[in-house]
Enquirer: 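Sharing a structure below in structure tokens format, with a few things to ask.
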Amino acid sequence: MNVIKGVVAAPQARVAIAIARFNNFINDSLLGGAIDALERIGQVASENITVVWVPGAYELPLTVKTLVETRKYDAVVALGTVIRGGTAHFEYVAGECSSGLSNVAMSSEIPVAFGVLTTESIEQAIERAGTKAGNKGAEAALTALEMVNVINAIKG
């Protein structure tokens, strides 16, 4: 029986992080968690990490698609936060961001990690950006590295 399991360490990996500026008071924590996980746990060199800031979560799919198409990166991590408000805006932004990133991931040959929070409240977002519920930015970064290794093992 052959079993392929990914490991997280990927010292040679080149990783891009696309991050939304909107809700940056939350996203800054997601970014800090992602970079810490990449460097400390994944052993990725600082010079192999590129951070790209975009206006909001809606702009993440196009940015990630563009990053993937450069073929400069082994994985891309998308980070952002969409907090439900009193209008339908949440559904449009969260849905299109998720759908767009999924489409990029399925049509790309490199891992695209989803680190976009979609929460009911600011409190929930804070919990998922480094307090009670861990740091989803760190989780997305580790997922990206593990998938780099899984894809390489499958192809190798």
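Residue numbers run from 1 in the order of the sequence given.
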Enquirer: Give the minimum heavy-atom separation between Ala144 and Ala113, together with the two atoms involved.
Expert: CB-CB, 3.9 Å
Enquirer: Side-chain heavy atoms under 4.5 Å apart, restricted to Ile/Leu/Val/Met/Phe/Trp/Tyr: what other residues fall into the cluster of Leu145, or is it alone?
Expert: Val8, Val15, Ile17, Ile19, Phe25, Ile26, Leu30, Leu31, Ile35, Leu38, Ile41, Val44, Ile49, Val51, Trp53, Val77, Leu79, Ile83, Leu117, Ile122, Ile126, Leu142
Enquirer: Sequence neighbours excluded, which residues qualify as side chain to side chain contact (heavy atoms under 4.5 Å, CB included) partners of Ala105?
Expert: Val112
Enquirer: Taking all non-hydrogen atoms of both residues, which atom of Gly80 and which atom of Ala20 are closest, and how far apart?
Expert: CA-CB, 4.2 Å
Enquirer: Any chain of hydrophobic side-chain contacts (each under 4.5 Å) joining Phe22 to Val52?
Expert: no
Enquirer: Enumerate the residue pairs fulfilling salt bridge (Lys or Arg N to Asp or Glu O under 4.0 Å) with a member in residues 106-119, sequence neighbours excluded, ordered by first and then second residue.
Expert: none
Enquirer: What residues join Val148 in its hydrophobic cluster, counting side-chain heavy atom gaps under 4.5 Å, either direct or through other members?
Expert: none
Enquirer: Who else is in Met1's hydrophobic cluster (ILVMFWY, side-chain heavy atoms under 4.5 Å, direct or via others)?
Expert: Val3
Enquirer: Not counting sequence neighbours, list each pair that qualifies as a side chain to side chain donor-acceptor pair (under 3.5 Å) and has a residue in residues 136-156.
Expert: Lys136-Glu139
Enquirer: Using 0.5 Å steps for rounding, measure from the NZ atom of Lys72 to the CD1 atom of Ile110.
Expert: 12.5 Å
Enquirer: Identify all side-chain donor-acceptor contacts of residues 57-65 below 3.5 Å with residues at least two apart in sequence or on another chain.
Expert:
{"residue": "Glu59", "atom": "OE1", "partner": "Gly56", "partner atom": "N", "Å": "2.8"}
{"residue": "Thr63", "atom": "OG1", "partner": "Glu59", "partner atom": "O", "Å": "2.9"}
{"residue": "Lys65", "atom": "NZ", "partner": "Glu69", "partner atom": "OE2", "Å": "2.9"}

Enquirer: According to the salt bridge (Lys or Arg N to Asp or Glu O under 4.0 Å) rule, which pairs have a member within residues 40-53, sequence neighbours left out?
Expert: Asp36-Arg40
Enquirer: I need the minimum non-hydrogen distance between Ala141 and Ala34, along with the two atoms involved.
Expert: CB-O, 3.6 Å
Enquirer: If you look only at pairs with a residue in residues 89-108, which of them pass as a side chain to side chain donor-acceptor pair (under 3.5 Å), with sequence neighbours excluded?
Expert: Arg84-Glu91
Enquirer: Please enumerate all residues that pass side chain to side chain contact (heavy atoms under 4.5 Å, CB included) together with Ser46, with sequence neighbours excluded.
Expert: Glu39
Enquirer: Can you tell me which residue pairs pass the salt bridge (Lys or Arg N to Asp or Glu O under 4.0 Å) test with a partner in residues 6-33, sequence neighbours excluded?
Expert: Arg14-Asp74
Enquirer: Enter the distance from Thr81:OG1 to Gln124:CD here, rounded to the nearest 0.5 Å.
Expert: 12.0 Å
Enquirer: Around Phe90, counting heavy atoms of other residues, nucleotides and ligands shown, do more than 12 lie under 6.0 Å from its CZ?
Expert: yes
Enquirer: Please check if Val93 and Val116 belong to a single hydrophobic cluster, counting links between Ile, Leu, Val, Met, Phe, Trp and Tyr side chain heavy atoms closer than 4.5 Å.
Expert: yes
Enquirer: What are the two closest heavy atoms between Asn48 and Pro11, and how far apart are they?
Expert: ND2-O, 3.9 Å
Enquirer: Determine the minimum heavy-atom distance between Ala129 and Asn135, stating which atoms define it.
Expert: O-ND2, 3.4 Å
